[in-house]
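Reckoned from all heavy atoms, side chains included, excluding hydrogens, waters and symmetry mates. Naming: A, B, ... by sequence-line order, numbering from 1 per chain.
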Amino acid sequence: MSQQFTNIVDDLQWRGALSDATPGAEDLLINDKITCYNGFDPTSDTLHIGNLLPLMCLSRLQRYGHTPIAILGGGTGMIGDPSGRTDERSLLSIEDIDANGEKIRVQLEQFLDFDAKSNPAQLINNADWLRSINYLDFLRDIGKNFTVNTMIRRDSVRTRMEREGEGISYTEFSYALLQAYDFLMLYEREGCNFQSGGTDQWGNILDGVDLIRRKHGADKNGLPRAHGIVFPLITDSKGDKLGKSIGGAPALDSNKFSPYRLYQFFFNTDDADVIRYIKLFTWLEPEEVGPLEEAVRENPGRREAQQTLAEQITQIVHGQSGLEQARRVTRAFVRGEFDTLSASELDDLFEGSASIQVEKCDIDNRALSFEELAVATSLAQSFGDARRTVQQGGMYLNSGRVDDPAREITPEDLLHGNLIVLRRGRREHRLVRVL
RNA sequence: GCAGGGAUUGGGGAGCGGUCAAACCCAGCAGACUGUAAAUCUGCCGCCUUGUGCUUCGUAGGUUCGAAUCCUACUCCCUGCACCA
């Protein structure tokens with residue numbers, strides 16, 4: 001990488017990615033090689049854009065020569081972090097959590113270099129130690145170091161305790177101890193002396209820092225041996241959590257949220273947010289961001305910054321092929337001309353995105369209507385929905401607008417003999433394969 | 001525990017025996033406009049085989065020709081009071 005910044009602290013600060021750090025943390029980040037871990041929640045089988053910032057920061061750390069560790073919360077995931085939750089979680093089964101962990105591992109590899117020579121990233125499942133914990137030992141060795149007085153003062157705990165009739169289970173109450181224990185284990189086993197996380201993790205991180213100090217004392221300068229850095233909570237200019245507007249954070253799994261959709265998601269970033277996002281989520285440096293900033297100001301309609309942001313992120317998350325795919329779909333989408341694409345392009349285009357298969361004989365017999373297909377592809381929620389949308393001129397078959405919901409699908413509608421593209425509005429697409 | 005109040009279609013919130021698939025607002029969806037934006041405007045916004053159709057108004061029964069609307073029981077929530085401390 002070009003060395004515009006002399007150290008990672010300047011880098012992170014310029015990006016607005018550093019919200020807080022323990023005293024002495026910055027000095028170590030600049031002058032030493034540290035090992036930093038960040039936890040990832042295995043309660044879902046995919047990471048989402050809310051994980052983008054931690055992932056990028058771990059990746060940046062690695063580029064500056066530090067060693068990143070991604071922790072799969074396979075153990076803590078069985079408990080659930082009360083932070084930011086107003087209700088008690090339901091517990092996942094061990095099998096579910098392990099299966100989710102496997103999928104997340106693949107996604108992590110997109111961001112971290114597990115084969116680096118001097119500072120390879122590591123992926124560790126905290127189930128390795130948490131699931132074999134002996135309760136009595138844990139209470140003696142770890143529990144002794146925490147006072148309930150402090151714990152119940154935590155906002156996350158207090159808000160739950162004040163909710164009458166809801167309460168917080170002992171299980172979740174114990175969460176903070178487990179996360180602190182994680183840090184201690186990683187410190188002892190891997191020499192891991194940093195933990196990163198969102199600001200909501202600040203309290204949990206400090207618990208770990210304190211625990212390590214109690215167990216291992218301070219260093220020779222009287223400073224803590226372990227440190228924490230936290231990232232800001234990312235909200236858009238309206239104050240909404242990133243991704244909230246579309247309901248549920250977009251997943252990094254291309255089957256759940258296609259590269260094209262990810263591209264579109266960021267392409268549609270508000271002018272007021274786009275530069276901030278570029279700094280946080282891409283590798284672009286000041287010399288590249290400056291002109292974009294000016295472009296937003298001088299010529300917002302061209303949306304250069306948005307395009308750059310979308311391309312960079314899609315590239316990072318889904319690789320070059322993912323980006324190519326997103327670009328191709330975008331082109332087709334802008335023109336609405338799917339019949340101009342080749343079979344292989346279409347095929348490739350919709351790879352990983354929602355598609356269904358129908359029998360060739362159904363087409364030949366004209367047994368399928370447009371509305372049936374729209375519902376079958378979940379492009380419409382119901383027949384009524386399909387008809388309404390058709391009436392409003394919002395449904396398209398291949399490149400043309402549909403005016404009759406009951407319109408039969410005929411062999412002439414097939415692109416390249418076996419494909420049909422359905423579209424709703426301007427951006428919802430479905431591919432139908434005919435067998 | 002006692003006394004009141006309440007649970008309505010994604011959220012908020014009308015309705016209080018038929019004219020209710022249920023006002024209105026928000027969200028959502030489509031169309032126009034536009035910068036694939038925002039704002040605005042228009043339409044839609046339970047389901048279907050579009051019909052004196054079907055399923056919805058906390059749950060289960062009941063009264064009625066007819067109930068979201070009345071009665072009973074149950075569940076949950078809120079507000080006072082008491083109990084506990």
Side-chain angles (χ1 to χ4, degrees), chain A residues 86-88 160-167 235-248 250 257-278 292-314 323 325-338 349 353-354 367-397 399-408 421-430:
Chain A
T86 52
D87 56 339
E88 179 85 12
R160 287 280 293 279
M161 290 183 64
E162 284 166 0
R163 282 177 69 92
E164 239 172 291
E166 293 282 327
T235 56
D236 62 28
S237 51
K238 296 186 204 72
D240 286 333
K241 227 169 153 177
L242 185 62
K244 192 192 160 221
S245 51
I246 63 167
F257 204 76
S258 70
Y260 161 70
R261 288 216 286 157
L262 186 73
Y263 183 96
Q264 289 299 321
F265 177 81
F266 282 103
F267 189 89
N268 284 310
T269 299
D270 202 278
D271 293 350
D273 300 314
V274 66
I275 294 300
R276 193 160 47 94
Y277 290 177
I278 285 177
L292 289 173
E293 208 164 356
E294 192 175 321
V296 174
R297 213 170 30 242
E298 301 301 325
N299 202 343
R302 289 193 52 197
R303 307 217 279 162
E304 265 180 70
Q306 277 86 347
Q307 186 177 344
T308 304
L309 174 68
E311 295 198 340
Q312 292 285 321
I313 293 185
T314 307
L323 175 58
Q325 183 189 336
R327 278 178 172 151
R328 274 200 306 278
V329 184
T330 296
R331 264 199 303 276
F333 145 69
V334 167
R335 299 180 195 142
E337 294 171 353
F338 296 99
L349 208 78
S353 59
L368 262 182
S369 66
F370 175 81
E371 56 186 348
E372 284 170 323
L373 211 47
V375 171
T377 52
S378 75
L379 192 61
Q381 288 186 349
S382 66
F383 281 55
D385 184 31
R387 283 170 215 173
R388 265 179 243 123
T389 310
V390 167
Q391 265 168 23
Q392 296 174 138
M395 285 292 195
Y396 303 80
L397 175 65
S399 301
R401 184 173 274 183
V402 175
D403 51 15
D404 174 16
R407 175 197 196 287
E408 289 162 342
V421 177
L422 302 184
R423 175 169 139 233
R424 174 182 184 139
R426 279 176 291 183
R427 49 183 78 157
E428 281 295 315
H429 300 88
R430 293 297 131 85

Nearest-angstrom distance from the residue atom OH of A:Y396 to C1' of B:C29: 13 Å

Counterpart base for B:G66, defined by Watson-Crick or G-U wobble contacts under 3.5 Å: none

Atom C1', compared across B:A39 and B:U50: separation rounded to whole Å: 37 Å

Whole-Å gap separating P (B:G10) and CG (A:D385): 15 Å

Out of B:U36, B:G35, B:G31, whichever nucleotide has its closest atom nearest the side chain of A:Q306: B:G35

What N/O pairs connect the protein and nucleotides 49-51 of chain B at under 3.5 Å? Give each pair on its own line.
unit_1: B:U49; atom_1: OP2; unit_2: A:R387; atom_2: NH2; d: 2.6
unit_1: B:U50; atom_1: O4; unit_2: A:R387; atom_2: NH1; d: 3.0

CA sep, side-chain torsions, deciding dist, call: A:V390, A:R407, side-chain contact (heavy atoms from CB on, under 4.5 Å): CA-CA 11 Å; A:V390 167; A:R407 175 197 196 287; over 6 Å; no

Touch class at under 4.0 angstrom, heavy-atom based, for A:Q381 against every strand present: nothing

Integer-rounded Å distance: B:G35 P and A:R302 CZ: 13 Å

The single option from A:E311, A:Q306, A:Q312 passing side chain to side chain contact (heavy atoms under 4.5 Å, CB included) against A:T308: A:Q312

Sugar-phosphate, base or nothing in reach of A:D271, heavy atoms under 4.0 Å: base

Options B:A30, B:U36, B:G31, nucleotide nearest the side-chain atoms of A:T330: B:U36

Gap in Å between the two P atoms, one belonging to B:A3 and one to B:G15, rounded: 27 Å

Counterpart base for B:A73, defined by Watson-Crick or G-U wobble contacts under 3.5 Å: B:U59

Gap separating the CG atom of A:L373 from the CG atom of A:L397, nearest 0.5 angstrom: 8.0 Å

A:R297 atom CZ: more than 12 heavy-atom contacts under 6.0 Å: yes

Nearest non-hydrogen partners of A:P300 and A:D271, listed with the distance: CB-OD2, 3.6 Å

Pair A:R430-A:S378, side-chain hydrogen bond (donor to acceptor under 3.5 Å, both in side chains): steps then yes or no: CA-CA 9 Å; A:R430 293 297 131 85; A:S378 75; 3.1 Å; yes

Atom pair CD/OG1 of A:Q325 and A:T330 - distance to nearest 0.5 Å: 10.0 Å

Touch class at under 4.0 angstrom, heavy-atom based, for A:R424 against every strand present: sugar-phosphate

Nearest-Å distance for atom pair CE/P, residues A:M395 and B:A30: 9 Å

Closest-nucleotide ordering on RNA chain B, the 5'-leading residue of A:V375 and A:R303: A:R303

Nucleotide forming a Watson-Crick or wobble pair with B:A30, both distances under 3.5 Å: B:U42

Close side-chain approach of A:E293 to A:I278, heavy-atom, < 4.5 Å: no

B:C47 phosphate, OP1 or OP2, under 4.0 Å from A:S382 side-chain N/O: yes

Atom-to-atom span, CD of A:E428 to P of B:U36 - whole angstrom: 18 Å

Main-chain N/O of A:Y396 paired with A:R423 side-chain donor or acceptor, under 3.5 Å: no

Same-atom distance (C1') from B:A60 to B:G13, integer angstrom: 27 Å

Closest heavy-atom pair and its distance - A:D385, A:A380: OD2-CA, 3.6 Å

P spacing across the pair B:C24 / B:A73, given as an integer number of angstrom: 37 Å

Can you pull every protein N or O that's under 3.5 Å from an N or O on nucleotides 42-44 of chain B?
unit_1: B:G43; atom_1: N2; unit_2: A:Q392; atom_2: OE1; d: 2.8
unit_1: B:G43; atom_1: N2; unit_2: A:Q392; atom_2: NE2; d: 3.3
unit_1: B:G43; atom_1: N3; unit_2: A:Q392; atom_2: OE1; d: 2.8
unit_1: B:C44; atom_1: O4'; unit_2: A:Q392; atom_2: OE1; d: 3.2

d(CZ, A:F266; P, B:G35) in whole Å: 24 Å

Nucleotide paired to B:A3 in any strand shown, Watson-Crick or G-U, under 3.5 Å: B:U79

Protein-nucleotides 52-54 of chain B N/O pairs closer than 3.5 Å?
none

Approximate separation, where rounding is to 0.5 Å, of A:T389 OG1 and A:M395 CE: 4.5 Å

Derivation of the side-chain contact (heavy atoms from CB on, under 4.5 Å) call for A:N268 and A:R303: CA-CA 9 Å; A:N268 284 310; A:R303 307 217 279 162; 4.2 Å; yes

C1'-based separation of B:G10 from B:C84 [nearest Å]: 41 Å

Given B:A30, B:C48, B:U34, the nucleotide with the shortest approach to the side chain of A:R426: B:U34

CZ on A:F266 to CD1 on A:I313, rounded to 0.5 Å: 3.5 Å

Test item: side-chain donor near acceptor, A:E294 and A:N299, under 3.5 Å: no

P gap between B:A14 and B:A7, integer Å: 8 Å

Distance between P atoms of B:C74 and B:U79 (Å, rounded): 23 Å

A:G394 or A:N268, whichever maps to the more 5' nucleotide of RNA chain B: A:G394

Gap in Å between the two P atoms, one belonging to B:C70 and one to B:C76, rounded: 23 Å

